[in-house]
Amino acid sequence: MPEPLLEVHGLDAFYGDFQALFGVSMRVATGAIVAVIGANGAGKSTLLKSIAGLMDAQAEAIRFDGVAIGGGPAYRTVARGIALVPEGRRLFPSLTVEENLLIGGHGRKVAGPWSLERVYGLFPVLKQRRASAATTLSGGQQQMAAIGRALMSNPRLLLCDEISLGLAPIVIADIYASLAHIKAEGTSVILVEQDIVQAMKASDRVYCFQEGRLSLSGRPQDLTRDAIHRAYFGG
Amino acid sequence: MTGWLDAVIQGILLGGLYALFAAGLSLIFGVMRLVNLAHGDLIVLAAFVILTLATWLGLDPFVAALLAIPIMFVVGFALQHVLLNRTLGRDLLPPLLVTFGLSIIIQNGLLQLFSADSERLRAGSIETASIALGGGIAAGVVPLLTLLSAIAVIVILNLVFYRTPLGRAFRATSDDLEIAQLMGIEVGRIYAVAMGLALVVVTVAALYLGMRANFDPTIGPARLLYAFEAVIIGGLGSFWGTLAGGIVLGLAQTIGARIDPEWQILAGHLAFLVVLVLRPRGLFPRAVD
Amino acid sequence: MANQPATTFRIARAGPASLAAAALGALVLAILAALPAFAGRELIQNLIFVFDMLALAQCWNLLAGQAGLISVGQQAFVGLGGYLLFALTIMAGLDPLLAIPLAGGVCAALAFPAALIVFRLRGAYFAIGTWVVAEVCRLVLAQVKQLGGGTGTSLPPAVTSGVIGIEGIKTLFDVRTPAARDILSYWVALALMAASFALVYAIQRSRRGLALGAIRDSEAAAASLGVDIASVKLSVYVATAAMTGMIGALIYLQKARISPDAAFSVLDWTAYVIFIVVIGGIGTIEGPIVGTLVFTLMQHYLADFGAAYLILLGTLGILIMLFAPRGIWGFVVERYDFTLFPTRRRLFVEQRREGENRRIP
Ligand SMILES: Nc1ncnc2c1ncn2[C@@H]1O[C@H](COP(=O)(O)OP(=O)(O)OP(=O)(O)O)[C@@H](O)[C@H]1O
Ligand SMILES: [Mg+2]
């Protein structure tokens, strides 16, 4: 087995005294799309925030490309080749759409496939709205801008937190179609998704979380509905 | 009638000085939501730096100020990096009290070094030069330069904020600190650069403060209050609003002084209080905080 | 839901230590009240200063440490109290002992319009707003020619020596008029100091106190408890204005000379007071006692160094704020889990939010 791009090993995470993750371990291979599913509060976002360096963690608990990166600092994350599309998009409201994209490339250290023009190629509507304030975009457009912003740093690992939340089915289809292009550039993706069917369709591997613990993992085709149901809801 | 017109013109020119005081305060608040109680004392400190350079090297204050600019940038950068970054967070008390302590340290440090004597930046004939505007009214060259400099500073700050990657990083950091870090922005450094920049503006303000009137180590707090009033009158979040706020304050002071010379400062404060009661978000609000 | 703050509450109650503390407090008070019978005049004078500063510190502590109202303008009420004492005695011919509570009442009344203005400013801007209000008071009083304008004025001897009770004290302690005046001021200072403790203690124990604790820790949590934040803050602001005004009146009765610059001095009546509270431990009843002791000693031994002394005070304040933000008393409590005046109900809001994961390297 080749060295995985990302290896999480025995990761714990805390909000003050509250423990949100308990000894989580997982691997992401280069070029793979990995789905993370779980009920509300299961710890999915916390996992992504930990990988992005926003949570305190043991350095060794997260290895990326052979380097121990647990615990941040967050501002180094992007230079290492990891970009987060955060839950709720969190575009910068006082920046225009184009500035939001450009700032995604602020900490870029490596050349790569993605540039402003290529992001506009992927999401043409953003080019039309390039001078608008980010807050004036529709939900789907905001999601595209958030993905585009992350791509601008040419990440090797893209972390996507609930990118379909609250969007119309056609828009979701568009966004998932863009994931295929992203994967085609060799980028690995961790996809946090509430929609299990969507997640299974798009991914090479699924990890299910329950109350901060990993409850199931495997290739989508190997997992039965029943097993997933149990891993998701407990019992 | 000319007396009143004169008061209005002098008030607008004085407003330029207050806008210069205020621009640095506004910049810092805009980027990091820090209210720096030592702002006025930093202006006075910059004036003493200019004075020292001018005296030691026998320079014109304008040249001395040019030399003081990089010095004050470094002072601001270091101050933020070493001290103020440690105070930022959810709690308001540490930044307020640390900058309050800093204000006392700077004031008394200057008293130790320079005594309580009044000083002035001597610039030769330009100090008294004026341009006749007709009708017996004249505008001093230095006050005119002050206002022009204020406008230039605001134009440049707007360019930096809205046209450069640095300004983008300032705005992004102010919007969402956590996500900004994920863009590769090192927040501590960005804040330090912002403070450095603020002290560059402070140095420009200090140049005109020192040429227009006498200064001594104790006058800092009053400058802080003027700066603060200009920011609030103008409305948070816009540099042009800050200029407008400075001018309103300047006008209130000169018109108050025209009625009774002893009322100058009081009239400025009262104008601020009236604006605060009638338009709590300032005259030209912009930021939603 | 990731932004939902996880909030837990813990309510602590009084232990036997607090009863002991109440008894101790009463005993100390009784001893202090009887002190003029034994102590020399210099000690009495020093203690007046100590009590004044302690009372001011307790007021600021209530404002900033409990209600989160960080004011750098409390000198407004010290100055107003002082000037009101002068006005009421010189112009209205009242007895100073009557003028002091009256000055407190007027200060409370003036605190309403002041609040109307400064409460429009949030957080840190509130601080500078209070400073502006203090400056306005200073400048306005400098215009009042009957009270000496910018240079100030003195209390006529007839006022200072004619205070009710002076004659009684003279015969009781067998002292001359100046010493009798000091003893009277001493008792008033002691009473005001005790009252400031009582105020803090009473407010902390009341339902409003519970609300205050909540406000200090998190306005959002307080609002979710159904606390009317604005009215709680307003009542604290007004109550401390009244106390501060009375202390100011007493201070200037004792000084017998007032001027706008001194009466509204930000250094004397706010910076020192903040230093006391920060050094001692903000948000605790005991902190200001410790802080006042430290400050009085420093003032006694170091004040002659002038500017250097103030630099030292500023530096010390900053260091404490950075490295021991809960002050000397907070350090003791943390180390030995010990308090003198546990207020009966204390709400601990323990909250962690995403913001706390901010690291500013
Ligand atoms: N900032 C925070 N402070 C305190 N607790 C938090 C914070 N963020 C999340 N939590 C808690 O940590 C646990 C995991 O949260 P997390 O956001 O990782 O869940 P999630 O799986 O992403 O849920 P969702 O589907 O709602 O996004 C939850 O119990 C949540 O309440
Ligand atoms: Mg989530």
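Bear in mind that the values here come from a model prediction, so they are computed numbers and not experimental data.
For a residue to count as touching a neighbouring chain, one of its non-hydrogen atoms must lie under 4.5 Å from one of that chain's; by this rule A/P93 touches chain B with backbone and side chain alike. For A/L95, the parts lying under 4.5 angstrom from a heavy atom of chain B are both the backbone and the side chain.
Counting heavy atoms from C-beta outward, B/F29 and B/V231 have side chains that stay 4.5 Å or more apart.
Taking the ring centre of A/F92 as origin, the terminal cationic atom of A/R149 falls inside the region bounded by 6.0 Å and 45° from the ring axis.
In terms of modelled atom types and a separation under 3.5 Å, the side chain of A/D204 and the main chain of A/A32 share no donor-acceptor contact. Judged by distance alone, with hydrogens and angles left aside, the side-chain atoms of A/K44 form a donor-acceptor pair with the main-chain N or O of A/A39 at under 3.5 Å.
Of all the listed residues (B/A169, B/A172, B/A180, B/S174), the one sharing the greatest number of non-hydrogen pairs under 4.5 Å with chain A is B/A172.
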